[in-house]
Amino acid sequence: MTDERLRRWRLVLGGDADGTGCALGGTDAEMDGALAALYNGGQGRGSDGGERSGGLGASAPRVARWLGDIRSYFPSTVVQVMQKDAVERLNLTRLLLEPEMLEAVEPDVHLVGTLLSLNRVMPDKARESARALVRKVVSDLERRLVQKTKAAVTGALDRSARTHRPRRVADIDWDRTIRANLKNYLPERNTVVPSKLVGYGRRRRAVQREVVLCIDQSGSMAASVVYSSVFGAVLASMRSLRTSLVVFDTSVVDLTDQLHDPVELLFGTQLGGGTDINRAIAYCQGLITRPTDSIFILISDLYEGGVRQEMLRRVAQMTSAGVQVIVLLALSDEGAPFYDHDNAAALAALGVPAFACTPDAFPGLMAAAIERRDIGHWVERELERTAT
């Protein structure tokens, strides 16, 4: 084994040099110290045979220095994982209320979710630092997602309008045109002679779709709340859509009037508490004025604390009225490891598949919904695409 491989194994395994025969010095030793402060050998045992535990201590300045150290030793993606582990393993949630801590951390979606759960107990001196951190994460997400979302949605809106008199060749929908003219196929020429054209209609300025985002703000849905707020703000900026955003636990809060500023919107949420999906759907039903032109997106792990049968009845009512109903178990990069399988199966029986969606796939999902494509088929194709 080469010296470099021994060095890497030594950093992975932690502890002293006995296992690998490789001693560390300089930056490697400092890096090892930063890892040991958090993991300290993982679930293994110390040299004295006792259980090992984390060693960051409870001092906010000490933890802030540690956060600064790991940012200098590791790339941001690794730092984000270590921060998340520190919060979970060492119970550092309370320390995130200290301004010096907030200035030292690497901003990411998970950290924003943790801060939002502390929103109601956050002291004023930490609130501005937290707001600045949340704004940085939101700005990064907007740069990543806005253009793709607007392009997908605008294209879908254009394609959803049909005309039999396309003005340009570029406006012709060749797939639909060929299918509409198959009876005019000439075998001897191996071609189709179109007697009519099917094209994309011109973009209309009037509202074409109503979109209602209904977001479960229980603690397990933190990342989904962050992404949903950003997407909600993007959709609300498009004149062809009328977008509403509702968050719920056991109560329901309509945050539509804050969609212009996703940071303010996020601080209007209160992560945690129970879940009354039926009550939230009942409220959202009242927002829908044009069922056949409406898309209702429920983002929840489906653990219902309210009346389950009423929830399912309301979903059935919406689909029967022509509303495009979509249920996302999570809108995040982590998938949906925990959700109510019975409720997901009951929704599928109503023709409403429930699935997790990554932020990068959400624009494509919106495009499919606007064009009223089969969402179940879209999910299958998306799974095939990601698997290859």
Side chains of [X] and [Y]: closer than 4.5 Å at any heavy-atom pair?
X: Val109; Y: Ser332; result: no
X: Tyr39; Y: Asp85; result: yes
X: Gln285; Y: Phe296; result: no
X: Gln208; Y: Leu241; result: no
X: Leu329; Y: Asp301; result: no

Out of curiosity, [X] [atom1] to [Y] [atom2], how far, rounded to the nearest 0.5 Å?
X: Asp340; Y: Phe338; atom1: CG; atom2: CZ; result: 13.5 Å
X: Phe355; Y: Trp378; atom1: CZ; atom2: CH2; result: 5.5 Å
X: Ile288; Y: Ser244; atom1: CD1; atom2: OG; result: 9.0 Å
X: Cys214; Y: Ile326; atom1: SG; atom2: CD1; result: 13.5 Å
X: Thr149; Y: Glu142; atom1: OG1; atom2: CD; result: 10.5 Å
X: Asp249; Y: Met221; atom1: CG; atom2: CE; result: 12.5 Å

Could you tell me whether [X] and [Y] make a salt bridge, using a distance below 4.0 angstrom between a side-chain N and a carboxylate O?
X: Asp276; Y: Arg279; answer: no
X: Arg381; Y: Glu384; answer: no
X: Arg144; Y: Asp140; answer: no

Under 3.5 Å, is there a donor-acceptor pair between the [X] and [Y] side chains?
X: Asn278; Y: Arg308; answer: no
X: Asn190; Y: Tyr185; answer: yes
X: Glu210; Y: Thr289; answer: yes
X: Asp333; Y: Tyr227; answer: yes
X: Thr256; Y: Asp254; answer: yes

N/O donor-acceptor pair under 3.5 Å between [X] side chain and [Y] backbone:
X: Ser224; Y: Leu331; result: yes
X: Thr269; Y: Leu266; result: yes
X: Arg242; Y: Val211; result: no
X: Asn184; Y: Pro194; result: no
X: Ser320; Y: Gln317; result: no
X: Lys148; Y: Asp360; result: yes
X: Asp216; Y: Thr275; result: no
X: Arg131; Y: Val263; result: no
X: Glu304; Y: Gly306; result: yes

What's the shortest heavy-atom distance between [X] and [Y], and which atoms?
X: Leu213; Y: Ser228; result: CD1-O, 4.0 Å
X: Leu186; Y: Val193; result: CD1-CG2, 3.5 Å
X: Gln324; Y: Ala368; result: NE2-O, 4.4 Å
X: Ser229; Y: Pro262; result: O-CB, 4.0 Å
X: Leu328; Y: Cys357; result: CD2-CB, 3.9 Å
X: Val212; Y: Cys284; result: CG1-SG, 3.8 Å

Discussion item. Take a 6.0 Å sphere around NE2 of His377 and say whether it holds more than 12 heavy atoms from other residues, nucleotides or ligands.
Written reply: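 No.
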Worksheet entry | Atom CZ of Arg313: over 12 foreign heavy atoms under 6.0 Å |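 Atom CZ in Arg313 is packed in, count exceeds 12.
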Worksheet item: Any chain of hydrophobic side-chain contacts (each under 4.5 Å) joining Val225 to Leu145?
Response: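 Linked within one cluster.
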Worksheet entry | Pair Phe231-Phe362, ring-ring contact (aromatic ring centres under 6.0 Å, His included): steps then yes or no | CA-CA 9 Å; Phe231 279 119; Phe362 187 77; 4.5 Å; yes
Item to complete: Just do the side chain to side chain contact (heavy atoms under 4.5 Å, CB included) check on Leu245 and Gln258 with the steps written out, would you?
Response: CA-CA 9 Å; Leu245 188 142; Gln258 297 181 33; over 6 Å; no
Worksheet item: Under the criterion side chain to side chain contact (heavy atoms under 4.5 Å, CB included), which of Leu350, Leu347, Thr319 is the partner of Val325?
Response: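 The passing option is Thr319.
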Item to complete: Determine the sole option in Ile215, Ile281, Leu287, Leu298 for which the side chain to side chain contact (heavy atoms under 4.5 Å, CB included) test with Val246 is passed.
Response: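 With Val246 as partner, Ile215, Ile281, Leu287, Leu298 yield a single side chain to side chain contact (heavy atoms under 4.5 Å, CB included), made by Leu287.
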